[in-house]
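Input: a single structure, listed below in C-alpha coordinates.
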Amino acid sequence: MKTLYLELNMGAAGDMLMAALLELIPEKQAFIDKMNALGIPDIHISAMPAEKNGIVGTSVQVSIAGEVEESYDFSQHEEPHSNEHEHHHHHQASDHAHEHADKPETHAHPHYSHVHIGMAEIESLISQLPVSAKVRQDVLAVYSLIAEAESKAHGRPVDQVHFHELGMMDALADITGVCCLMEQLSPDRVLASPVHLGSGHVQTQHGILPVPAPATAYILQDVPSYSGKIRGELCTPTGAALLKHFVSAYGEMPVMRVQKIGYGMGKKDFAAANCLRAFWGESDDSAGDEIFELACNLDDMTPEAISFACEQLFEAGALDVYTTSIGMKKNRPGIMLSCLCKPKDREALTQLIFKHTSTLGVRQYSCQRAILQRSERSLNTKYGTVRIKTASGWGVERQKVEYEDAAALARKNDVSIDEIKRVILLEQDQKK
(Lines give C-alpha, C1' and ligand atoms only; values in the text may rest on other atoms or scores of the structure.)
Protein backbone atom coordinates (compact mmCIF):
# COMPACT_ATOMS: atom_id res chain seq x y z
CA MET A 1 0.00 0.00 0.00
CA LYS A 2 1.47 3.34 -1.07
CA THR A 3 1.63 5.41 2.11
CA LEU A 4 2.48 9.07 2.69
CA TYR A 5 3.35 9.93 6.29
CA LEU A 6 3.70 13.59 7.30
CA GLU A 7 5.81 14.48 10.32
CA LEU A 8 4.35 17.69 11.74
CA ASN A 9 6.74 18.36 14.65
CA MET A 10 7.03 21.96 13.41
CA GLY A 11 3.44 22.36 12.27
CA ALA A 12 2.32 22.85 8.70
CA ALA A 13 1.95 25.69 6.22
CA GLY A 14 0.87 25.44 2.61
CA ASP A 15 4.31 26.28 1.21
CA MET A 16 6.08 23.83 3.56
CA LEU A 17 3.74 21.01 2.56
CA MET A 18 4.16 21.80 -1.13
CA ALA A 19 7.96 21.85 -0.74
CA ALA A 20 8.05 18.51 1.10
CA LEU A 21 5.87 16.79 -1.53
CA LEU A 22 7.89 18.41 -4.31
CA GLU A 23 10.97 16.55 -3.08
CA LEU A 24 9.17 13.25 -3.62
CA ILE A 25 8.75 13.66 -7.40
CA PRO A 26 11.56 13.36 -9.99
CA GLU A 27 11.08 16.59 -11.95
CA LYS A 28 10.78 19.52 -9.53
CA GLN A 29 11.32 22.33 -11.99
CA ALA A 30 8.92 20.87 -14.54
CA PHE A 31 6.21 20.86 -11.87
CA ILE A 32 6.99 24.47 -10.87
CA ASP A 33 6.83 25.51 -14.54
CA LYS A 34 3.46 23.76 -14.84
CA MET A 35 2.15 25.61 -11.77
CA ASN A 36 3.27 28.98 -13.11
CA ALA A 37 1.49 28.21 -16.39
CA LEU A 38 -1.89 27.74 -14.69
CA GLY A 39 -2.64 31.43 -14.97
CA ILE A 40 -3.38 32.31 -11.33
CA PRO A 41 -3.30 36.14 -11.55
CA ASP A 42 0.02 37.81 -10.61
CA ILE A 43 1.35 34.63 -8.98
CA HIS A 44 4.88 33.31 -9.46
CA ILE A 45 6.11 30.19 -7.67
CA SER A 46 9.75 29.25 -7.24
CA ALA A 47 11.55 26.43 -5.43
CA MET A 48 15.09 26.59 -4.13
CA PRO A 49 17.41 24.62 -1.81
CA ALA A 50 17.25 25.71 1.84
CA GLU A 51 19.05 24.71 5.02
CA LYS A 52 17.78 24.54 8.60
CA ASN A 53 20.09 23.44 11.41
CA GLY A 54 22.39 21.69 8.96
CA ILE A 55 19.56 19.84 7.18
CA VAL A 56 19.10 20.56 3.47
CA GLY A 57 15.64 20.59 1.93
CA THR A 58 13.45 22.67 -0.37
CA SER A 59 11.80 26.03 0.21
CA VAL A 60 8.89 27.16 -1.92
CA GLN A 61 8.35 30.86 -2.41
CA VAL A 62 5.16 32.44 -3.74
CA SER A 63 5.34 36.03 -4.93
CA ILE A 64 2.39 38.22 -5.81
CA ALA A 65 3.03 40.92 -8.41
CA GLY A 66 6.75 40.59 -7.67
CA GLU A 67 6.48 40.99 -3.88
CA VAL A 68 7.22 38.29 -1.30
CA GLU A 69 5.20 38.19 1.90
CA GLU A 70 6.48 37.79 5.44
CA SER A 71 4.83 37.07 8.78
CA TYR A 72 5.40 38.39 12.29
CA ASP A 73 5.30 36.45 15.57
CA PHE A 74 5.99 37.80 19.04
CA SER A 75 9.26 36.56 20.49
CA GLN A 76 9.47 34.89 23.88
CA HIS A 77 10.32 38.16 25.62
CA GLU A 78 7.98 40.37 23.63
CA GLU A 79 4.53 41.43 24.79
CA PRO A 80 1.72 42.17 22.32
CA HIS A 81 0.91 45.82 22.89
CA SER A 82 0.19 47.66 19.67
CA ASN A 83 -0.61 47.38 16.01
CA GLU A 84 2.67 48.83 14.78
CA HIS A 85 3.30 45.68 12.70
CA GLU A 86 -0.25 45.26 11.55
CA HIS A 87 0.73 44.91 7.89
CA HIS A 88 2.49 41.63 8.63
CA HIS A 89 0.97 38.18 8.47
CA HIS A 90 -0.61 35.53 6.35
CA HIS A 91 -4.26 36.03 7.21
CA GLN A 92 -6.76 37.14 4.65
CA ALA A 93 -10.36 37.63 5.74
CA SER A 94 -11.82 41.07 5.21
CA ASP A 95 -12.83 43.67 7.75
CA HIS A 96 -16.27 42.05 7.58
CA ALA A 97 -14.82 38.75 8.84
CA HIS A 98 -11.16 39.30 9.74
CA GLU A 99 -9.45 35.98 10.04
CA HIS A 100 -6.84 33.60 8.69
CA ALA A 101 -6.20 31.89 5.41
CA ASP A 102 -2.51 31.69 4.79
CA LYS A 103 -0.18 34.47 3.76
CA PRO A 104 1.01 37.91 4.87
CA GLU A 105 0.56 41.23 3.20
CA THR A 106 3.86 43.00 3.71
CA HIS A 107 4.64 45.48 0.92
CA ALA A 108 1.32 44.63 -0.72
CA HIS A 109 0.94 45.50 -4.36
CA PRO A 110 -1.37 48.56 -4.63
CA HIS A 111 -3.93 46.64 -6.69
CA TYR A 112 -4.57 44.32 -3.74
CA SER A 113 -4.42 46.74 -0.83
CA HIS A 114 -8.15 47.00 -0.13
CA VAL A 115 -9.72 44.44 -2.47
CA HIS A 116 -11.97 41.80 -0.90
CA ILE A 117 -13.67 38.90 -2.63
CA GLY A 118 -16.12 36.24 -1.48
CA MET A 119 -16.47 32.50 -1.98
CA ALA A 120 -18.50 32.98 -5.17
CA GLU A 121 -15.57 34.74 -6.84
CA ILE A 122 -13.12 32.16 -5.46
CA GLU A 123 -15.24 29.29 -6.79
CA SER A 124 -15.37 30.99 -10.19
CA LEU A 125 -11.58 31.32 -10.27
CA ILE A 126 -11.10 27.69 -9.22
CA SER A 127 -13.53 26.50 -11.90
CA GLN A 128 -11.33 28.12 -14.56
CA LEU A 129 -8.07 26.48 -13.48
CA PRO A 130 -6.68 24.21 -16.25
CA VAL A 131 -6.38 21.19 -13.95
CA SER A 132 -8.14 17.84 -13.68
CA ALA A 133 -11.64 17.57 -12.24
CA LYS A 134 -10.23 15.80 -9.17
CA VAL A 135 -7.72 18.56 -8.44
CA ARG A 136 -10.39 21.20 -8.96
CA GLN A 137 -12.67 19.36 -6.53
CA ASP A 138 -9.89 19.04 -3.94
CA VAL A 139 -8.94 22.71 -4.20
CA LEU A 140 -12.54 23.80 -3.71
CA ALA A 141 -12.99 21.43 -0.76
CA VAL A 142 -9.88 22.79 1.00
CA TYR A 143 -10.89 26.41 0.45
CA SER A 144 -14.40 25.61 1.66
CA LEU A 145 -12.93 24.35 4.94
CA ILE A 146 -11.23 27.72 5.40
CA ALA A 147 -14.40 29.64 4.56
CA GLU A 148 -16.46 27.52 6.97
CA ALA A 149 -13.92 28.16 9.73
CA GLU A 150 -14.07 31.89 9.08
CA SER A 151 -17.84 31.68 9.21
CA LYS A 152 -17.76 29.98 12.61
CA ALA A 153 -15.13 32.34 14.00
CA HIS A 154 -17.19 35.42 13.17
CA GLY A 155 -20.74 34.15 13.36
CA ARG A 156 -21.49 35.01 9.74
CA PRO A 157 -22.86 32.87 6.89
CA VAL A 158 -20.23 31.55 4.50
CA ASP A 159 -21.55 33.73 1.68
CA GLN A 160 -20.83 36.82 3.81
CA VAL A 161 -17.20 35.90 4.48
CA HIS A 162 -14.81 37.90 2.33
CA PHE A 163 -11.05 37.50 1.83
CA HIS A 164 -8.27 39.93 1.02
CA GLU A 165 -7.48 39.20 -2.63
CA LEU A 166 -3.72 39.25 -2.00
CA GLY A 167 -3.78 36.54 0.66
CA MET A 168 -6.40 34.59 -1.27
CA MET A 169 -4.22 34.36 -4.39
CA ASP A 170 -1.22 33.30 -2.31
CA ALA A 171 -3.19 30.61 -0.47
CA LEU A 172 -4.77 29.45 -3.72
CA ALA A 173 -1.29 28.88 -5.19
CA ASP A 174 -0.27 26.76 -2.18
CA ILE A 175 -3.52 24.78 -2.15
CA THR A 176 -3.46 24.11 -5.89
CA GLY A 177 0.19 23.05 -5.75
CA VAL A 178 -0.42 20.56 -2.94
CA CYS A 179 -3.55 19.15 -4.61
CA CYS A 180 -1.68 18.68 -7.91
CA LEU A 181 1.18 16.92 -6.12
CA MET A 182 -1.24 14.66 -4.26
CA GLU A 183 -2.80 13.69 -7.58
CA GLN A 184 0.60 12.97 -9.10
CA LEU A 185 1.74 10.87 -6.12
CA SER A 186 -1.67 9.16 -5.70
CA PRO A 187 -1.04 7.65 -2.24
CA ASP A 188 -3.38 4.90 -1.08
CA ARG A 189 -3.51 6.63 2.29
CA VAL A 190 -2.11 9.76 3.94
CA LEU A 191 -1.20 9.62 7.64
CA ALA A 192 0.34 12.25 9.92
CA SER A 193 1.73 12.87 13.38
CA PRO A 194 -0.22 15.05 15.83
CA VAL A 195 0.00 18.70 14.75
CA HIS A 196 2.35 21.07 16.58
CA LEU A 197 0.51 24.40 16.70
CA GLY A 198 3.03 26.68 18.42
CA SER A 199 2.08 29.10 21.17
CA GLY A 200 1.92 32.79 22.10
CA HIS A 201 0.45 35.48 19.89
CA VAL A 202 0.68 36.47 16.27
CA GLN A 203 0.30 39.94 14.73
CA THR A 204 -2.25 40.10 11.93
CA GLN A 205 -3.37 42.91 9.69
CA HIS A 206 -6.31 43.52 11.97
CA GLY A 207 -4.80 43.03 15.39
CA ILE A 208 -3.22 40.54 17.77
CA LEU A 209 -4.58 37.01 17.92
CA PRO A 210 -3.69 33.97 20.03
CA VAL A 211 -1.98 30.90 18.58
CA PRO A 212 -3.59 28.86 17.15
CA ALA A 213 -5.61 31.52 15.38
CA PRO A 214 -9.40 31.03 15.58
CA ALA A 215 -9.77 29.73 12.02
CA THR A 216 -6.96 27.21 12.51
CA ALA A 217 -8.50 26.04 15.79
CA TYR A 218 -11.90 25.48 14.14
CA ILE A 219 -10.41 23.59 11.20
CA LEU A 220 -8.40 21.29 13.48
CA GLN A 221 -11.31 20.30 15.69
CA ASP A 222 -11.13 16.51 16.24
CA VAL A 223 -7.53 16.47 14.96
CA PRO A 224 -4.81 15.51 17.52
CA SER A 225 -2.71 18.62 18.19
CA TYR A 226 -0.61 20.29 20.89
CA SER A 227 0.83 23.72 21.65
CA GLY A 228 4.41 22.92 22.77
CA LYS A 229 6.97 25.44 23.99
CA ILE A 230 7.87 27.18 20.73
CA ARG A 231 6.62 30.77 20.61
CA GLY A 232 5.11 31.47 17.26
CA GLU A 233 2.47 30.26 14.81
CA LEU A 234 3.54 26.89 13.41
CA CYS A 235 0.31 25.77 11.76
CA THR A 236 -1.47 28.17 9.43
CA PRO A 237 -5.10 27.90 8.36
CA THR A 238 -4.14 26.78 4.87
CA GLY A 239 -1.86 24.10 6.28
CA ALA A 240 -4.62 23.01 8.67
CA ALA A 241 -7.22 22.80 5.88
CA LEU A 242 -4.91 20.73 3.65
CA LEU A 243 -4.28 18.31 6.50
CA LYS A 244 -7.98 18.07 7.34
CA HIS A 245 -8.82 17.25 3.72
CA PHE A 246 -6.09 14.71 2.90
CA VAL A 247 -5.03 13.02 6.16
CA SER A 248 -7.09 9.98 7.13
CA ALA A 249 -5.53 9.25 10.55
CA TYR A 250 -3.04 10.73 13.04
CA GLY A 251 -0.53 8.94 15.22
CA GLU A 252 2.91 7.37 15.21
CA MET A 253 4.57 6.51 11.95
CA PRO A 254 3.39 3.04 10.86
CA VAL A 255 5.70 0.20 9.95
CA MET A 256 6.64 1.02 6.37
CA ARG A 257 9.43 0.59 3.86
CA VAL A 258 10.45 4.20 3.25
CA GLN A 259 11.58 4.90 -0.32
CA LYS A 260 11.82 8.70 -0.32
CA ILE A 261 11.92 11.51 2.26
CA GLY A 262 10.99 15.10 1.48
CA TYR A 263 12.01 18.12 3.57
CA GLY A 264 9.80 21.20 3.24
CA MET A 265 11.52 24.16 4.90
CA GLY A 266 9.70 26.97 6.66
CA LYS A 267 10.69 30.63 6.43
CA LYS A 268 11.19 31.20 10.18
CA ASP A 269 14.17 30.15 12.29
CA PHE A 270 13.75 28.38 15.64
CA ALA A 271 16.02 26.37 17.91
CA ALA A 272 14.55 23.24 16.31
CA ALA A 273 14.87 22.68 12.56
CA ASN A 274 11.80 24.32 11.02
CA CYS A 275 10.81 21.69 8.51
CA LEU A 276 7.96 19.40 7.56
CA ARG A 277 9.06 15.88 6.65
CA ALA A 278 7.18 13.68 4.20
CA PHE A 279 7.93 9.95 4.21
CA TRP A 280 6.92 8.02 1.10
CA GLY A 281 6.91 4.25 0.90
CA GLU A 282 5.09 0.94 1.20
CA SER A 283 3.21 -0.16 4.30
CA ASP A 284 1.56 -3.42 5.24
CA ASP A 285 -1.58 -4.20 3.25
CA SER A 286 -3.34 -5.19 6.45
CA ALA A 287 -2.87 -1.81 8.10
CA GLY A 288 -5.97 -0.18 9.51
CA ASP A 289 -7.23 3.31 10.05
CA GLU A 290 -9.34 5.32 12.46
CA ILE A 291 -13.06 5.68 11.87
CA PHE A 292 -16.03 7.01 13.82
CA GLU A 293 -19.31 5.25 14.48
CA LEU A 294 -22.28 7.57 14.85
CA ALA A 295 -25.46 6.09 16.32
CA CYS A 296 -28.91 7.17 17.49
CA ASN A 297 -32.17 5.49 18.54
CA LEU A 298 -35.42 6.26 16.72
CA ASP A 299 -38.98 5.32 17.64
CA ASP A 300 -41.14 7.92 15.89
CA MET A 301 -40.07 7.90 12.22
CA THR A 302 -41.60 6.15 9.24
CA PRO A 303 -39.56 3.59 7.26
CA GLU A 304 -39.59 5.94 4.28
CA ALA A 305 -38.12 8.80 6.32
CA ILE A 306 -35.39 6.56 7.77
CA SER A 307 -34.55 5.30 4.28
CA PHE A 308 -34.23 8.89 3.04
CA ALA A 309 -31.92 9.77 5.94
CA CYS A 310 -29.69 6.79 5.09
CA GLU A 311 -29.50 7.92 1.46
CA GLN A 312 -28.44 11.41 2.50
CA LEU A 313 -25.68 10.04 4.72
CA PHE A 314 -24.32 7.83 1.93
CA GLU A 315 -24.32 10.75 -0.51
CA ALA A 316 -22.40 12.87 2.03
CA GLY A 317 -19.54 10.36 2.22
CA ALA A 318 -20.51 7.82 4.90
CA LEU A 319 -18.51 4.60 4.70
CA ASP A 320 -21.55 2.57 5.69
CA VAL A 321 -25.06 3.18 7.02
CA TYR A 322 -27.29 0.50 8.51
CA THR A 323 -30.24 0.01 10.87
CA THR A 324 -30.87 -2.43 13.73
CA SER A 325 -34.19 -3.31 15.35
CA ILE A 326 -34.11 -2.56 19.09
CA GLY A 327 -36.44 -2.44 22.07
CA MET A 328 -36.73 0.96 23.73
CA LYS A 329 -38.27 2.33 26.93
CA LYS A 330 -41.90 1.53 27.70
CA ASN A 331 -41.39 -1.63 25.61
CA ARG A 332 -41.64 0.32 22.38
CA PRO A 333 -39.97 -1.19 19.28
CA GLY A 334 -37.44 1.13 17.68
CA ILE A 335 -34.62 1.44 15.16
CA MET A 336 -30.96 2.17 15.88
CA LEU A 337 -29.41 4.11 13.00
CA SER A 338 -25.63 3.56 12.69
CA CYS A 339 -23.25 5.45 10.43
CA LEU A 340 -19.54 4.72 9.88
CA CYS A 341 -17.39 7.61 8.66
CA LYS A 342 -13.89 9.03 8.44
CA PRO A 343 -12.85 11.46 11.21
CA LYS A 344 -12.91 14.43 8.83
CA ASP A 345 -16.58 13.74 8.00
CA ARG A 346 -17.82 13.25 11.56
CA GLU A 347 -19.13 16.76 12.14
CA ALA A 348 -20.90 17.07 8.78
CA LEU A 349 -22.57 13.67 9.08
CA THR A 350 -23.65 14.33 12.66
CA GLN A 351 -25.32 17.49 11.44
CA LEU A 352 -27.11 15.51 8.73
CA ILE A 353 -28.39 12.98 11.27
CA PHE A 354 -29.92 15.79 13.32
CA LYS A 355 -31.35 17.34 10.16
CA HIS A 356 -32.99 14.24 8.72
CA THR A 357 -34.03 12.30 11.84
CA SER A 358 -36.03 13.03 14.98
CA THR A 359 -33.22 12.11 17.38
CA LEU A 360 -32.22 14.43 20.22
CA GLY A 361 -28.70 13.02 20.55
CA VAL A 362 -26.02 11.26 18.50
CA ARG A 363 -23.52 8.89 20.10
CA GLN A 364 -19.98 9.10 18.71
CA TYR A 365 -17.41 6.33 19.05
CA SER A 366 -13.81 6.42 17.83
CA CYS A 367 -12.45 3.04 16.79
CA GLN A 368 -9.64 1.45 14.80
CA ARG A 369 -10.59 -0.52 11.70
CA ALA A 370 -8.56 -3.38 10.25
CA ILE A 371 -9.03 -3.37 6.49
CA LEU A 372 -8.13 -5.42 3.45
CA GLN A 373 -6.46 -3.73 0.50
CA ARG A 374 -8.95 -3.44 -2.32
CA SER A 375 -8.36 -3.26 -6.06
CA GLU A 376 -10.40 -3.59 -9.22
CA ARG A 377 -9.72 -4.89 -12.70
CA SER A 378 -11.71 -5.44 -15.88
CA LEU A 379 -12.20 -8.82 -17.52
CA ASN A 380 -13.32 -9.25 -21.14
CA THR A 381 -15.72 -12.17 -21.70
CA LYS A 382 -17.75 -13.35 -24.67
CA TYR A 383 -20.72 -11.56 -23.15
CA GLY A 384 -18.91 -8.29 -22.55
CA THR A 385 -16.64 -6.56 -20.02
CA VAL A 386 -17.16 -7.03 -16.30
CA ARG A 387 -15.31 -5.64 -13.30
CA ILE A 388 -13.68 -7.99 -10.78
CA LYS A 389 -13.12 -6.69 -7.25
CA THR A 390 -10.19 -8.09 -5.25
CA ALA A 391 -9.56 -7.84 -1.49
CA SER A 392 -6.34 -9.07 0.13
CA GLY A 393 -4.38 -8.92 3.37
CA TRP A 394 -4.38 -10.60 6.77
CA GLY A 395 -3.46 -13.83 5.04
CA VAL A 396 -6.53 -13.95 2.82
CA GLU A 397 -7.39 -13.04 -0.77
CA ARG A 398 -10.84 -13.05 -2.31
CA GLN A 399 -12.51 -11.95 -5.52
CA LYS A 400 -16.02 -10.87 -6.34
CA VAL A 401 -17.80 -10.02 -9.56
CA GLU A 402 -19.33 -6.54 -9.64
CA TYR A 403 -23.02 -7.33 -9.40
CA GLU A 404 -24.23 -4.37 -11.48
CA ASP A 405 -21.94 -5.39 -14.36
CA ALA A 406 -23.04 -9.02 -14.19
CA ALA A 407 -26.72 -8.03 -14.05
CA ALA A 408 -26.35 -5.68 -17.02
CA LEU A 409 -24.68 -8.38 -19.12
CA ALA A 410 -27.31 -10.93 -18.11
CA ARG A 411 -30.12 -8.61 -19.25
CA LYS A 412 -28.32 -7.67 -22.45
CA ASN A 413 -27.60 -11.27 -23.45
CA ASP A 414 -30.79 -12.80 -22.03
CA VAL A 415 -28.91 -15.24 -19.81
CA SER A 416 -28.80 -15.84 -16.05
CA ILE A 417 -26.34 -14.20 -13.68
CA ASP A 418 -25.05 -17.70 -12.87
CA GLU A 419 -24.18 -18.11 -16.55
CA ILE A 420 -22.25 -14.83 -16.49
CA LYS A 421 -20.33 -15.98 -13.40
CA ARG A 422 -19.62 -19.39 -14.99
CA VAL A 423 -18.10 -17.74 -18.06
CA ILE A 424 -16.04 -15.42 -15.87
CA LEU A 425 -14.59 -18.38 -13.95
CA LEU A 426 -13.80 -20.12 -17.23
CA GLU A 427 -12.07 -17.03 -18.63
CA GLN A 428 -9.97 -16.73 -15.48
CA ASP A 429 -8.96 -20.39 -15.56
CA GLN A 430 -7.85 -20.06 -19.17
CA LYS A 431 -5.62 -17.09 -18.32
CA LYS A 432 -3.82 -18.84 -15.44
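None of these values were measured; they are calculated from a predicted model.
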So, do [X] and [Y] sit near enough that their side-chain heavy atoms are less than 4.5 Å apart?
X: Leu129; Y: Ile40; answer: yes
X: Gln221; Y: Val223; answer: no
X: Cys310; Y: Thr323; answer: yes
X: Ile388; Y: Ser378; answer: no
X: Leu243; Y: Tyr250; answer: yes
X: Asp15; Y: Asp170; answer: no
X: Met35; Y: Cys180; answer: yes
X: Glu123; Y: Leu140; answer: yes

Nearest non-hydrogen partners of [X] and [Y], listed with the distance:
X: Gly200; Y: Arg231; value: CA-NH1, 3.7 Å
X: Trp280; Y: Leu185; value: CH2-O, 3.3 Å
X: Thr238; Y: Ala171; value: OG1-CB, 3.7 Å
X: Ala20; Y: Ala278; value: CB-CB, 4.0 Å
X: Ala272; Y: Asn53; value: C-ND2, 3.7 Å

Worksheet entry | Pair Leu21-Ile25, side chain to side chain contact (heavy atoms under 4.5 Å, CB included): steps then yes or no | CA-CA 7 Å; Leu21 298 182; Ile25 65 173; over 6 Å; no
In chain order, what residues pass the side chain to side chain contact (heavy atoms under 4.5 Å, CB included) check against [X], with sequence neighbours excluded?
X: Ala141; result: His245
X: Ala217; result: Pro212
X: Glu376; result: Arg387, Lys389
X: Ser366; result: Glu290, Phe292

Any side-chain donor near an acceptor of the partner, [X] and [Y], under 3.5 Å:
X: Glu148; Y: Ser144; value: no
X: Gln399; Y: Arg377; value: yes
X: Glu252; Y: Ser193; value: no
X: Ser283; Y: Arg257; value: no
X: Asn380; Y: Thr385; value: yes

How long is the span from the [atom1] atom in [X] to the [atom2] atom in [Y], to the nearest 0.5 Å?
X: Leu242; Y: Met16; atom1: CG; atom2: CE; value: 12.5 Å
X: Leu294; Y: Thr359; atom1: CG; atom2: OG1; value: 11.5 Å
X: Met265; Y: Lys267; atom1: CE; atom2: NZ; value: 11.5 Å
X: Ile291; Y: Cys341; atom1: CD1; atom2: SG; value: 8.0 Å
X: Arg136; Y: Ser127; atom1: CZ; atom2: OG; value: 7.0 Å
X: Leu22; Y: Ser59; atom1: CG; atom2: OG; value: 11.0 Å

Worksheet entry | For Arg277, salt bridge (Lys or Arg N to Asp or Glu O under 4.0 Å) partners two or more places apart | Glu7
Discussion item. Just to verify, what does Glu347 make a salt bridge (Lys or Arg N to Asp or Glu O under 4.0 Å) with, not counting sequence neighbours?
Written reply: Lys152
Given 3.5 Å as the limit, does a donor-acceptor pair link the side chain of [X] with the main chain of [Y], or not?
X: Thr357; Y: Ile353; result: yes
X: Asp42; Y: Ile64; result: no
X: Ser124; Y: Ala120; result: no
X: His196; Y: Ser227; result: yes
X: Ser199; Y: Ile230; result: yes

Item to complete: For residues 27-36, pull every pair meeting salt bridge (charged side-chain N to carboxylate O under 4.0 Å, His left out), keeping only residues two or more places apart or in separate chains.
Response: Glu23-Lys28
Practice prompt. Kindly state each residue pair satisfying salt bridge (charged side-chain N to carboxylate O under 4.0 Å, His left out) with at least one member in residues 48-63, sequence neighbours excluded.
Written response: Lys52-Asp269
Discussion item. Apply side chain to side chain contact (heavy atoms under 4.5 Å, CB included) to residues Leu409 and Val386 and explain how you reach the verdict.
Written reply: CA-CA 8 Å; Leu409 292 181; Val386 65; 4.2 Å; yes
Discussion item. Is there a side chain to side chain contact (heavy atoms under 4.5 Å, CB included) between Phe246 and Asp138? Walk through the geometry before answering.
Written reply: CA-CA 9 Å; Phe246 285 109; Asp138 286 338; 3.9 Å; yes
Worksheet item: Angle class for the Tyr5/Phe279 ring planes (parallel below 30°, perpendicular above 60°, tilted otherwise)?
Response: tilted
Item to complete: Could you list all the ring-ring contact (aromatic ring centres under 6.0 Å, His included) pairs where at least one residue sits in residues 40-59, not counting sequence neighbours?
Response: none
Worksheet item: For Ser186, which residues count as a side-chain hydrogen bond (donor to acceptor under 3.5 Å, both in side chains) partner, sequence neighbours excluded?
Response: none
Discussion item. Surrounding NZ of Lys2 (heavy atoms of other residues, nucleotides or ligands, distance under 6.0 Å), is the total greater than 12?
Written reply: yes
Worksheet item: For Gln137, does the CD atom have more than 12 heavy-atom neighbours from other residues, nucleotides or ligands under 6.0 Å away?
Response: no
Worksheet entry | Check against side-chain hydrogen bond (donor to acceptor under 3.5 Å, both in side chains), Glu282 and Thr3 | CA-CA 6 Å; Glu282 293 286 335; Thr3 299; over 6 Å; no
Discussion item. Among residues at least two apart in sequence or on other chains, which ones pass ring-ring contact (aromatic ring centres under 6.0 Å, His included) with Phe314?
Written reply: none
Response to the item:
Sorted by chain and number, sequence neighbours left out, ring-ring contact (aromatic ring centres under 6.0 Å, His included) with Tyr322 holds for none
Practice prompt. Begin from the C-alpha positions of Val247 and Lys344 and carry the test side chain to side chain contact (heavy atoms under 4.5 Å, CB included) through to its verdict.
Written response: CA-CA 8 Å; Val247 176; Lys344 67 182 182 67; over 6 Å; no
